[in-house]
There are 2 protein chains.
Amino acid sequence: MPEFIYKKKLYYNPVEFAMDRIGGTWKIPILWRLKNKTFRYGELKNDIPHITHKMLSSQLKVLEEEGFINRVVYAAVPPKVEYSITERGLAAISVIEVIRNYGIHLMQEFGIDETIIRNIQ
Amino acid sequence: MPEFIYKKKLYYNPVEFAMDRIGGTWKIPILWRLKNKTFRYGELKNDIPHITHKMLSSQLKVLEEEGFINRVVYAAVPPKVEYSITERGLAAISVIEVIRNYGIHLMQEFGIDETIIRNIQ
DNA sequence: CTGTATCCTACTTGATACTG
DNA sequence: CAGTATCAAGTAGGATACAG
């Protein structure tokens, strides 16, 4: 029985486990931006196209709970909260880069317009 | 506008595109088994724990349609169908290996039982 | 043996509103 | 400015039945 449970979810292999930590639609755009810069909440919100308030908020929360990013609250009115990447987050970035390069390669194989590929963030 | 549409779905980055091709719960267990061996349908069904008939069938279909595996039908009664990996599928395997190693590393960091990690397929 | 279709459930995400 | 809660919609996946 090689499968296991983490946070009430059943996993069959390490790939699933990894992609639940760093995958999904929004975690990668978030980590990608924090790679070499600290962002305030509102800056991330403005910088990531299409992300909703709810998703940014919830994804930041789990990324912090699972140790991929730091959250620093400044006691001020209005509130100021800054997010930065951790060592664990940086380790994820190097895996993301591999998947990203592979994704670009696949997009070319699948005939996605070269203009789009060149402009992809 | 760096985003694009493929098969009626909107993508924001290459990682999403890649993970829609080779991700999900079942594609990786399937590709992983075809890595260095041809399987009949029923052999895959028996070898992959928990997979349902419907999911094996549908995932094999899209993996074939998108060029990651070959499907060979033998004209016999009862039917015999063999699946094998393609060059494109092999390229995916090397990315899967990277994610897989990272996943194992994360599982250790997150305190998953070492016995489970050692026995993971 | 292999493949497809239908129905149903659970989960993820978006829209919106409310809070300190 | 940042975070949470509620509700609705869409999608992935399981159970089951039927077909060649």
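Chain letters run A, B, ... following the sequence lines, proteins first and then strands; every chain starts at 1.
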message = Taking side-chain hydrogen bond (donor to acceptor under 3.5 Å, both in side chains) as the definition, give me every residue that meets it alongside Tyr83(B), ordered by chain and number, with sequence neighbours left out.
response = Arg71(B)
query = Can you check the Lys27(A) NZ to dT13(C) P distance for me, whole Å?
reply = 8 Å
task = Mark yes or no for whether Arg21(A), through its side chain, and Leu106(B), through its backbone, hold a donor-acceptor pair below 3.5 Å.
result = no
Bend angle of the helix from dC1(C)-dG20(D) to dG20(C)-dC1(D), from helix axes over five pairs at each end, nearest 10° = 30°
query = Please give, in whole Å, the distance from dG10(D) P to Lys7(B) NZ?
reply = 21 Å
query = Could you give the CD1-to-P distance, from Ile69(B) to dT2(C), as a whole number of Å?
reply = 13 Å
query = For Leu60(A) and dT13(C), what is the distance between atoms CG and P respectively, to the nearest whole Å?
reply = 14 Å
message = List the residues meeting side chain to side chain contact (heavy atoms under 4.5 Å, CB included) with Asn70(B), not counting sequence neighbours, and say none if there are none.
response = Ser84(B), Thr86(B)
task = Check side chain to side chain contact (heavy atoms under 4.5 Å, CB included) between Asp113(A) and all other residues, then give those that pass, not counting sequence neighbours.
result = Thr115(A), Ile116(A)
request  = Please check the phosphate of dG3(C) (OP1 and OP2 only) for any side-chain N or O of Arg71(B) closer than 4.0 Å.
outcome  = yes
message = Just to verify, what does His53(B) make a ring-ring contact (aromatic ring centres under 6.0 Å, His included) with, not counting sequence neighbours?
response = Tyr41(B)
task = Tell me, please, which residues at least two apart from Glu109(A) pass salt bridge (charged side-chain N to carboxylate O under 4.0 Å, His left out).
result = Arg88(B)
task = With sequence neighbours left out, write down each residue that passes side chain to side chain contact (heavy atoms under 4.5 Å, CB included) with Ile117(B), or none if nothing qualifies.
result = Ile104(B), Met107(B), Gln108(B), Ile112(B), Glu114(B)
message = Check the phosphate of dT11(D) against Lys9(B), side-chain N and O only, distance under 4.0 Å to OP1 or OP2. Yes or no?
response = no
inquiry  = Tell me the interatomic distance from Asp20(B), atom CG, to dT12(C), atom C1', rounded to whole angstroms.
reply    = 14 Å
ask   = Across the strands shown, which category fits Tyr83(B) at heavy-atom distances under 4.0 angstrom: base, sugar-phosphate, nothing?
value = sugar-phosphate
task = Report, as a single string ordered 5' to 3', how protein heavy atoms within less than 4.0 Å touch nucleotides 13-20 of chain D: B base, S sugar-phosphate only, - not at all.
result = BBB-B--B
Strand-adjacent residues in residues 35-46 of chain A, judged by heavy atoms under 4.0 Å from DNA chain D = Arg40(A), Tyr41(A), Gly42(A)
request  = For Phe17(A), check ring-ring contact (aromatic ring centres under 6.0 Å, His included) against everything at least two apart and list the hits.
outcome  = Phe4(A), Tyr6(A), Tyr11(A), Phe110(B)
note = Hits for salt bridge (charged side-chain N to carboxylate O under 4.0 Å, His left out) against Lys9(B), two or more places apart or cross-chain, chain-then-number order -> Asp20(B)
remark   = Here the distance between atom C1' of dG3(D) and atom CG of Leu56(A), to the nearest Å, is 11 Å
Pairs involving residues 54-63 of chain B, ordered by first then second residue, that meet salt bridge (Lys or Arg N to Asp or Glu O under 4.0 Å) (sequence neighbours left out) = none
key: Met19(B) CE to dA12(D) P, straight-line distance once rounded to whole Å   = 14 Å
ask   = Does the side chain of Pro14(A) come within less than 4.5 Å of Ile120(B)'s, by heavy atoms?
value = yes
